[in-house]
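Only this structure's heavy atoms are used, side chains among them; waters, hydrogens and symmetry mates stay out. Counting convention: from 1, in listed order, for ligands and their atoms alike. Residue indices begin at 1 and follow the sequence shown.
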Amino acid sequence: MTFRTKTIVGIALIEVVLLMVLVFSAMSFLKQSNEKQLIQRANSTATMFAHAAKDAVLSTDIATLEDLSRDFMQLEDVHYVKIVRHDEVLACAGDMELLERTMNVDQNLGSVDDGVFDTRVNITSGGIQYGYVDMGFGTSAISAMLDSAKRSIVGIASIEVVLVAIFSFVLGTYLTKSLVRLTRATHILREKGPGFQLNDNSKDEFGELSKSFDLMSLQLKQSYEDLKTARQEAEHACESKGRFLASMSHEIRTPMNGVLGILSLLEETKLSKEQQQLVTTATQSGSFLLSVINDILDFTRMESNTLRLEHQPFELKTCIEDVVDSFGPSAKAKDLILHSYIEGDVPSLVEGDVPSLVEGDVNRVRQILHNLIGNALKFTQEGSITVKVSAIPASNQQTTITCSVIDTGIGIEQSAMEYLFDEFTMVDQTYSRTQEGSGLGLAICKRLCELMDGNIEVNSEPNQGSTFTFQITLNLAQSLTSNVEPSTHQMASALSGIRVLVAEDNKANQLVIKNMFLHAGIQIDLVENGVQAVEQVQEYSYDIVFMDISMPQMDGMTATQKIRALDDPTISTLPIVALTAHALTGDKEQFLKAGMSDYLSKPVRLSQLIEKIELFLVNEEKEPVEDTHSNKTLEPMDSTPAPVQNTCVEQNSHATETEPHHGEADLNLVDESILQQMIEDTSADVIPLLIDHYVEESKDRLSKIHESVAEQNGDQLEFESHTLGSSALALGNRQLSSLAREIEKLCLEGNVSEAFALEPQLQQLAQQSIDALLVRKDQGFETPSSSNI
Ligand code: ADP
């Protein structure tokens, strides 16, 4: 009901009530005064008649009484007269019907039931009653008058009500007009923002109200503008902070990878125990710093909403088991029990449920689990860590996964739990805190869960343990294959949880590969031969194996066959990618026949390694790639544009045609594109050290080659020239590599004497190539300019 209607109804109601009171009191006053007059008149008339008739009654003068009665009948409103003496009617006049009925004396108008007011007066003389006089007075005139008065009063009251209603309507409209304007103004304010002015100059209260409104609107506008500016400035500052953090993280990460690379090289040198300890500590600190930087990068991406989730089919059960397994050695080292319970309703290929895959970002799911289990391990000194996973269908196409990580560790105080998921939060803020961390892990987990339509919560008791439970909603995948290619950039950045085993005997190659993976933030395990590879895959769980073909003790193909023959299906079905210097026709068939999943020709690029990981760990049903020298440039982790697009042997073989241009050394013996590629895949800082390592190792190989020729040992020549060929290509000595391979091929084909004959040429080319490489090293290497997140 509007204010105007309320005003009208309110005033009209008051008016009606007042008028009713007035009408009733006026009517009752009129009735009472008329009644009084009637009773007085009836009594005085009847008394007068009794006096006049007294003598005639005493003398029984009937004629006089009748005359008297007729005379009184002439009076207005007298309906009958009756004179009675000792129950004998002496005379009467008037309405016979009224005279014949039994008369009841009326005391007031209320007792009149026949339209006649009946009264009786005794006829007395000397105190003796001789009879009485009954008289009837008509009340119709009074009733008619009262009715008419009532009608007039009600009529006047009704007119008044209508007039008051009209008046109150006009008043209400006038009063609410200003209110309506004010209401409209507030609507405008709400829709268009502050600033609207009423400009009402009237002098009444509404004028005052309008002025206050205008002032408030102006002040609001000013505050609004100030806030907008402050917000823009804050957003700008936040963006700058994000950009600064991102570029700083990026800038720190690149040299950090270099530092880690150098440390890994240092590890390979002869060190005292104390030095080894220092290198290990430096490596651990470097890795921790790198993980913090990665966290900061992730966080800045989330802050600026640039973090996008992948939507790829994956097997959830395996993903969870893999992450839990990867903590096995750390749990064992701390004497903690680590186990997982994955309920049957969790989509899984092994269980044969349909559908068996979920769709989402497997690496981000891993990251959440990794953080929570990592924290549980960090903050638990004894007892156990349990991972429980269950699933309930959210709809036909979706499932909600609930995962709890329960530990029996130090627990968390109630007061700390409120801000636990805030960024940069650590419960132990003291300088003496025992565990390192950035305080970003849980904040990232929370954001990731929210991005996956879920949430995360914690329950904890100090000194009892903590339970972190997160829920995420994932789509159920329709089939194993998906046409959507994941972005390699995101792929590479999220591969840090992947466990890779590399079997490679050549030290220089080992270092190159290790540094490449380090550059991508992936920790790998290295073994030197097939025997170690077979043992290692049984002892620890891996996601993929990169296997060199020619290795001492057991070659890559035999090792692969042995792995494929193992009983445990999770090991025997591991993706095994051959790393080979052999690129002869038919080799590929041979590798695949031996059970290898795919192969890469040396020198390998980081992008190719990542491509294979992506191929086997994400799109597991894809066929192995036919051309390992694919032109598709997969960006490494930092998405730095590749200065060199292709390093194919065939495409760069013209390098020898140009003249030498640097003193004695022929720099054409160094394939610059390979070096540039290696800088991109590792870091400019580590290249000189890798070269030194290669040079030292090559000298050793060359003397072994010389020995094998002197001893006419074809097998040794074949093995050493293979190894030299492989590492020479990795470091850019392409021609040396080709000649070494030529010798290896001759040995393989049984033309050993021809191979022996080429040895002096090899020694000479090797010397020149190494010299050229050292000259190139002295010129220095530069890291290509970086890109932002
Ligand atoms: P951090 O890198 O410091 O581990 P997180 O965000 O992952 O950062 O964790 C924030 C803090 O929450 C930790 O520093 C620790 O104090 C507390 N915390 C996390 N997980 C646990 C746990 N399982 N038990 C006890 N405290 C924990």
Side-chain angles (χ1 to χ4, degrees), residues 245 249 252-253 256 284-303 307 320 323-324 326-327 330-331 333-340 364-389 402-451 454-472 494 496-497 521:
L245 271 177
S249 309
I252 296 169
R253 196 168 55 175
M256 205 54 223
Q284 280 168 355
S285 305
S287 301
F288 169 65
L289 184 57
L290 211 56
S291 78
V292 171
I293 289 162
N294 284 336
D295 275 357
I296 293 174
L297 256 181
D298 268 352
F299 195 74
T300 35
R301 281 193 191 121
M302 286 172 184
E303 287 271 272
L307 190 118
I320 297 162
V323 180
V324 175
S326 70
F327 283 99
S330 323
K334 282 183 88 175
D335 245 353
L336 295 171
I337 303 164
L338 171 65
H339 45 193
S340 58
R364 296 301 180 181
V365 175
R366 274 198 178 128
Q367 190 176 352
I368 299 171
L369 267 171
H370 209 273
N371 267 331
L372 296 184
I373 304 177
N375 276 347
L377 258 173
K378 223 173 11 172
F379 298 103
T380 306
Q381 298 316 322
E382 56 182 35
S384 63
I385 291 151
T386 311
V387 181
K388 281 187 183 166
V389 191
T402 306
C403 177
S404 301
V405 178
I406 307 153
D407 67 53
T408 55
I410 59 168
I412 304 159
E413 293 285 344
Q414 188 66 34
S415 57
M417 285 206 248
E418 290 161 33
Y419 54 82
L420 204 61
F421 294 99
D422 293 351
E423 55 270 26
F424 305 108
T425 295
M426 281 168 277
V427 176
D428 184 0
Q429 303 277 15
T430 58
Y431 288 110
S432 60
R433 69 192 162 86
T434 46
Q435 298 295 345
E436 55 190 12
S438 61
L440 270 177
L442 290 178
I444 291 173
C445 285
K446 184 169 182 254
R447 301 267 181 125
L448 286 177
C449 288
E450 284 166 358
L451 280 174
N455 56 50
I456 182 166
E457 57 187 38
V458 58
N459 262 315
S460 190
E461 278 283 320
N463 302 320
Q464 299 291 313
S466 313
T467 301
F468 282 84
T469 305
F470 72 89
Q471 273 197 336
I472 48 172
S496 49

Report yes or no: does [X] have a heavy atom closer than 4.0 Å to ligand 1?
X: S466; result: yes
X: L420; result: yes
X: F421; result: no

Would I412 count as a polar contact of ligand 1, with the cut-off being nitrogen or oxygen pairs under 3.5 Å?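 It does not: no N or O of I412 is found under 3.5 Å from an N or O of ligand 1.
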Consider every N or O of G441 and every N or O of ligand 1, then say whether any pair is closer than 3.5 Å.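 Between G441 and ligand 1 (N or O atoms, distance only) the closest approach is under 3.5 Å.
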So, using side chain to side chain contact (heavy atoms under 4.5 Å, CB included) as the criterion, who are the partners of T408 when residues are at least two apart?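 Checked T408 against side chain to side chain contact (heavy atoms under 4.5 Å, CB included); matches are T380, S384.
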Identify the two heavy atoms, one from D295 and one from I444, that lie closest to each other, and give their separation to 0.1 Å.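 Distance-wise, the nearest heavy atoms are O-CD1, 3.4 Å.
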For G441 versus N371, what's the shortest heavy-atom pair and its separation?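 Of all heavy-atom pairs spanning G441 and N371, the closest is O-ND2, 3.5 Å.
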Under a 4.0 Å threshold between the charged nitrogen and the carboxylate oxygen, would D298 count as salt-bridged to R364?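 Yes, charged N to carboxylate O under 4.0 Å.
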Proximity of D295 to ligand 1 by residue part, where a heavy atom lies under 4.0 Å: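 Answer for D295: neither.
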Please state which part of D407 comes within less than 4.0 Å of ligand 1, counting heavy atoms only: side chain, backbone, both or neither.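 The answer is the side chain of D407.
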Within a reach of under 6.0 Å around CG of N459, are more than 12 heavy atoms found that belong to other residues, nucleotides or ligands?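 No, not enclosed.
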Side-chain polar contacts of residues 464-472 - donor-acceptor pairs under 3.5 angstrom, sequence neighbours left out - could you list them?
residue	atom	partner	partner atom	Å
S466	OG	S460	OG	2.9
T469	OG1	S404	OG	3.1
Q471	NE2	T402	OG1	3.1

Near K378, which atoms of ligand 1 are under 4.0 Å from a heavy atom of that residue?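 Those of ligand 1 that fall under 4.0 Å from K378 are 1 (P), 2 (O), 4 (O).
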